[in-house]
Amino acid sequence: MKGLRRFSGAAAIALMAFTGHAVWAESLADTLVAAYRHSALIEQNRAVLRAADEDVAAALAELRPIVQWTASHQVSRSEGALDYSTARSTSLQIGAQMLLYDWGRSQLAIDAAKEQVLATRQGLVAVEQDVLLAATVAFFDIRQATERVALQQNSVEVLTRERQAAQDRFDVGEITVTDVALADAQLAETQAGLAAAQGDLEIAREAYLAATGRFPSGLDAPPPLPKLPASVDEARAIGQRNHPLIAQAQRQAAASELGVAQAAAERNPSLSANVAAGVTRSRQQQLLGEGDYDNRNSASVSLNLSQTIYSGGRLPAAHRRAMALRDQSRANLLNVSRQISQLVGESWANIDVARAQIGAIDEQISAAQQAYNGVREEAALGARTTLDVLDAEQSLLEARADKITAEANLQLAHYQLLAAMGRLTVEHLNLGIPTYDPSQYYNAVRDAPYTSKQGESLDRVLRAIGRN
């Protein structure tokens, strides 16, 4: 018990030194909030989503008129044996072209773009889960590294006293110089372990900085472990329903189905209308005199019905390519589903293993503590050697270190299971912060606004996300 009290005291001292005497400690929720707000990867994928939103607007714009104007000025000169002439003409034309009907090809493109938007939204949720899981790993790595430093510091202190005791016994002739050398070697090994633990702590701090954008000012105790489903099969079912990667693959498969239909529709005819109006002003100058200006107005209306009869194999190749991409999407959906099921099973097994390890290690620590205390007493009576004491101390140290690792693994496995089930999100964890609304930008651009109230709404959205 004295050894346990010394370990607790050393852990408290190390934690105070690590936090820099900070009064406020960051909780796991604070870490996750900082990671969500800091992540450049989330920002990157939000931009990817906004680009996909614009694809819907671009597909919709194919059904709207295209208005263009053209201005030209032409000068021509002709020369003969006896005369020459110079002609100048200036024209201005404005025209409009609109697709009237293409037998569903454009609508299929719009529907496919919408499916891609929904797939990209699920990809953004998957990135959010990855970011939060990385922050969770950084949080528990910091705590584990801090506890290991405290454990190693306590071991160094204990072995320093053991080494001094060995020296005292050597001075009175109770032990040999070999025993003192063994104590020196064990102390040096533990000091090396302390240096390694401190290095691991610094590495963990850098990972925390990368995940959250700041160094930790001190970490609070982790919250109670998340509640688990009743069985691994239930966890798998939740993962199949909720995981964003599965939902993303489903949307991509739906988009590829529409792509096949769209490729087949490329063989259909298309009906379009053209309207044009213009004015031309021309003048022809002769050798012997000035020419007159000639102003002409023009207007035209036309309907065009066209269909590709032969494309040199391009359209059939595009159709076959679309079918191959559809098969790829279907296989990807099956593969992702199997991977998520595997992740759920592995996380569930890791939880069971960590729990069993903690129970066994608790018994190991209790027995190792008793053995260490007994060996020390026997060594004081001359019945044990210094090597026996050092071996008992090392066994106790390793058992305590193993428990630190097992406890960290248990906590992390719970959050890995949440991620495998698709529940490691800001919304599901109830972190209490505003989250990015992907529908806001989509609603502002889906009708392809140019100058309208919708355009003004889009301007407000861009200002809100700092992209205007």
Side-chain angles (χ1 to χ4, degrees), residues 14-51 120-150 197-226 244-245 408-409 411-420 422-438 440-441 461-468:
L15 186 58
M16 289 177 62
F18 167 67
T19 58
H21 304 285
V23 177
W24 176 76
E26 295 187 51
S27 65
L28 178 58
D30 297 327
T31 300
L32 297 179
V33 169
Y36 181 79
R37 290 175 172 171
H38 164 75
S39 175
L41 185 59
I42 290 180
E43 285 294 333
Q44 172 189 340
N45 282 269
R46 287 172 181 172
V48 171
L49 177 56
R50 291 194 294 273
T120 309
R121 288 184 184 181
Q122 294 299 324
L124 179 60
V125 177
V127 169
E128 177 185 340
Q129 285 209 144
D130 292 341
V131 168
L132 295 184
L133 183 59
T136 304
V137 172
F139 179 89
F140 287 118
D141 281 351
I142 287 279
R143 289 190 54 82
Q144 179 181 0
T146 303
E147 292 176 1
R148 282 185 172 272
V149 168
Q198 290 171 336
D200 291 339
L201 177 57
E202 289 304 315
I203 293 173
R205 282 169 54 82
E206 292 296 331
Y208 191 94
L209 172 64
T212 64
R214 66 192 185 208
F215 286 114
S217 59
L219 298 183
D220 203 352
L225 294 175
L245 289 182
N409 290 341
Q411 293 165 333
L412 184 57
H414 278 76
Y415 290 93
Q416 289 173 333
L417 180 60
L418 281 183
R423 290 183 169 180
L424 191 64
T425 62
V426 171
E427 180 180 1
H428 181 80
L429 296 175
N430 296 320
L431 296 181
I433 59 172
T435 57
Y436 183 79
D437 182 6
Q440 188 177 17
Y441 187 87
V461 173
L462 289 172
R463 286 193 297 269
I465 63 177
R467 296 292 181 271
N468 193 14

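Side-chain atoms are counted along with the backbone in the values below, which use heavy atoms only and exclude waters and symmetry mates. Nothing here was measured: the structure is a model prediction, and the numbers come from that model.
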Pairs of donor and acceptor atoms involving the side chains of residues 424-433, under 3.5 Å and at least two apart or interchain, shall be tabulated with distances.
residue	atom	partner	partner atom	Å
Thr425	OG1	His428	N	3.1

Interatomic distance, CG@Asn409 vs NE2@His414, rounded to 0.5 Å, equals 12.0 Å

Fill in: Sub-4.5 Å side-chain heavy-atom contact between Phe139 and Ser27
no

Residues passing the salt bridge (Lys or Arg N to Asp or Glu O under 4.0 Å) test with Arg121, sequence neighbours excluded, are none

Ala135 and Ala35 have their tightest heavy-atom pair at CB-CB, 3.5 Å

State, with a plain yes or no, whether a side-chain heavy atom of Glu26 is found less than 4.5 Å away from one of Asp220. no

Problem - Within-4.5 Å side-chain heavy-atom neighbours: Leu245 and Gln122 - result: no

Applying side-chain hydrogen bond (donor to acceptor under 3.5 Å, both in side chains) to Gln144 and not counting sequence neighbours gives Thr405

Taken in chain and number order and not counting sequence neighbours, the residues that satisfy side-chain hydrogen bond (donor to acceptor under 3.5 Å, both in side chains) with Arg423 are none

| message | Could you tell me if the side chain of Leu132 sits less than 4.5 Å from the side chain of Gln129, heavy atoms only? | response | no

- Message: Using side-chain heavy atoms (C-beta onward) and a distance below 4.5 Å, is Tyr436 in contact with Ile42?
- Response: no

For Leu41, the side-chain contact (heavy atoms from CB on, under 4.5 Å) test, sequence neighbours excluded, returns Ser39, Gln44, Asn45, Val127, Val131

Interatomic distance, OH@Tyr415 vs CG@Leu28, rounded to 0.5 Å, equals 4.5 Å

Across all chains, not counting sequence neighbours, the side-chain hydrogen bond (donor to acceptor under 3.5 Å, both in side chains) partners of Thr212 are none

